[in-house]
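Predicted model only: the values in this text are computed from it and were never measured. Just so we're on the same page: letters track the sequence lines, and every chain starts at 1.
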2 protein chains.
Amino acid sequence: MPSEKVEEYLEGIFKLECEEGKANVTRLAERMKVTAASASEMLKRLEKEKLVTHKGDRGHVLTARGEHMARTLVRRHRLSERFLTDVLGIGWDVAHEEACKFEHVLSPDVEKKLAEMLGNPSTCPHGFPIPDLDGKIAQTEIRRLSSFCASERGVIAEVDEEGPELLQYLSSLGLIPDARVEVKEIAPFNGPLLVKVGRSAQYALGREVASKIWMKQ
Amino acid sequence: MPSEKVEEYLEGIFKLECEEGKANVTRLAERMKVTAASASEMLKRLEKEKLVTHKGDRGHVLTARGEHMARTLVRRHRLSERFLTDVLGIGWDVAHEEACKFEHVLSPDVEKKLAEMLGNPSTCPHGFPIPDLDGKIAQTEIRRLSSFCASERGVIAEVDEEGPELLQYLSSLGLIPDARVEVKEIAPFNGPLLVKVGRSAQYALGREVASKIWMKQ
DNA sequence: ATATTTAATTAGGTAAGCCTAAGAAGATAT
DNA sequence: ATATCTTCTTAGGCTTACCTAATTAAATAT
Ligand SMILES: [Mn+2]
Ligand SMILES: [Mn+2]
Ligand SMILES: [Mn+2]
Ligand SMILES: [Mn+2]
């Protein structure tokens with residue numbers, strides 16, 4: 001049985017692979033909040049356990065087995081988030097860190113029953129797709145809000161942020177998955193976006209924040 | 001933050017105190033499935049951390065702080081069992097070991113929301129009382145079924161067993177909390193009890209099994 | 001009182017995960 | 001070509017939680 005730490009590393013490597021194609025020591029260490037030395041040691045161990053292989057061009061990638069485990073963890077994480085927000089009424093801003101603990105204690109049977117109870121949801125509260133039992137993740141066409149032009153409109157698909165503060169702020173503006181957003185204006189010199197959420201007032205969003213909001217349609 | 005291991009030891013010591021008044025190294029080691037050496041070391045550490053004190057008459061007892069932590073864990077364990085059986089439909093025979101993992105990942109907020117969602121239940125699926133937020137445990141008058149005489153009747157309060165096999169067997173006979181049981185006959189020479197559950201057939205129960213069933217009324 | 005059994009502790013060791021500090025390898029700049 | 005970053009690895013240490021084997025302490029039996 002892999003330890004909770006090993007599981008967290010697999011998840012971290014998987015996310016890095018999704019975002020950057022491969023994982024390197026430095027980026028993994030950052031994500032796991034450990035030193036590069038610690039990340040290097042863990043990668044060596046994961047390679048010995050055939051969960052990771054050393055890709056030629058400077059980087060590490062998960063093996064089939066490692067990737068399957070990672071996808072299972074992502075599924076359990078997002079199902080847990082769904083449960084925490086929908087059933088218990090926990091805020092989406094803290095659901096992530098609570099789910100990060102839950103994901104390691106779900107057995108296959110509990111995972112299955114939980115998914116059924118929730119009606120086999122397809123996304124987590126932040127809009128990310130929930131992998132199916134085989135680990136398959138539904139792909140959709142999405143673009144960053146920061147890439148939008150003035151007068152463009154769309155619907156929020158995903159909010160790519162884990163910290164509670166920003167999530168709390170965004171939900172207070174109604175900027176949550178499935179909200180309709182229209183970009184009214186973009187300030188010059190790479191300035192903030194003026195957006196309208198639903199039929200409420202306009203808000204100015206910094207580019208960094210806007211780049212964490214992924215839009216569909 | 002206490003580690004999961006420390007939490008499990010606190011729980012083990014608490015149960016021993018309830019059952020035998022105090023915890024000694026040997027009994028604790030048995031319960032935790034470690035050697036006496038390991039249990040001895042852990043007790044030393046818990047004493048250093050002021051979670052346990054060395055009682056004069058051969059034994060260790062929890063401090064107020066240690067006991068409060070233990071009661072919180074028991075509460076989270078039993079709430080988790082309730083959730084697993086009532087909401088997810090997990091069998092009571094495996095709910096215990098699943099809950100043993102859940103109890104360590106519940107934050108105070110999640111614990112509170114979970115208790116509310118469940119309607120603040122007063123007992124776990126095995127009939128044991130759920131401590132309230134202060135750790136207070138409701139006391140009731142209960143007796144072992146094995147102490148019953150022929151023709152005595154009562155209602156099952158608690159089933160004091162953690163292994164899945166016996167629990168599965170007992171529930172197949174309808175021997176679960178709140179079931180009405182009548183002792184029809186007791187075989188001589190400390191023999192088995194012939195019991196009638198509800199209005200179904202009679203079953204012969206060994207004394208060891210009968211002593212794990214606690215009756216009320 | 002002495003011997004035996006049981007209970008508890010100590011000594012010494014291992015593995016997982018973390019750290020700092022030092023060194024090696026690669027990439028970039030001058 | 002040489003110097004300077006950046007990235008990665010190694011060496012050496014620490015803590016937690018476990019182990020076996022040996023020792024000490026306490027209880028029980030003869
Ligand atoms: Mn996680
Ligand atoms: Mn999420
Ligand atoms: Mn437990
Ligand atoms: Mn129970």
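Salt-bridge formation is not detected for the pair B:Lys15/B:Glu19: no Lys NZ or Arg NE/NH1/NH2 atom is positioned less than 4.0 Å from an Asp or Glu carboxylate oxygen.
OP1 or OP2 of D:dC19 sits under 4.0 Å from a side-chain N or O of B:Ser38. For D:dC18, the OP1/OP2 oxygens have a side-chain nitrogen or oxygen of B:Lys5 closer than 4.0 Å.
Straight-line distance from the CE atom of B:Met42 to the P atom of D:dT15: 16 Å, rounded to whole Å. One interatomic measurement links the two molecules: CD of A:Glu49 to P of C:dA15, which rounds to 13 Å at whole-angstrom precision. Taking atom CG on B:Leu28 and atom P on C:dT6, their separation rounds to 20 Å, with Å as the unit.
For A:Glu162, the side-chain hydrogen bond (donor to acceptor under 3.5 Å, both in side chains) test picks out A:His96, with sequence neighbours left out. Residues that satisfy the side-chain hydrogen bond (donor to acceptor under 3.5 Å, both in side chains) test with B:Glu41, not counting sequence neighbours, are absent from this structure. Applying the side-chain hydrogen bond (donor to acceptor under 3.5 Å, both in side chains) rule to B:Arg27 yields the partners B:Glu20, B:Glu30; only residues at least two apart in sequence or on another chain are considered.
When the shell of 6.0 Å around NZ of A:Lys5 is examined, it contains 12 or fewer heavy atoms from other residues, nucleotides or ligands.
Between B:His104 and B:Glu7, the side chains place a donor N or O and an acceptor N or O closer than 3.5 Å (distance only, hydrogens not considered).
Listed by residue number, B:Tyr9 are the residues of residues 7-21 of chain B with a heavy-atom contact under 4.0 Å to DNA chain D.
Identified under the salt bridge (Lys or Arg N to Asp or Glu O under 4.0 Å) test for residues 120-144 of chain B, with sequence neighbours left out: B:Arg143-B:Glu152.
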Could you write nucleotides 5-10 of chain D as a row of B, S and -, 5' to 3', where a protein heavy atom under 4.0 Å of any base atom gives B, of only sugar-phosphate atoms gives S, and otherwise -? --SSBB

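Taking the six-membered ring wherever Trp is involved, the centroid distance between the rings of A:Phe83 and B:Phe83 falls below 6.0 Å.
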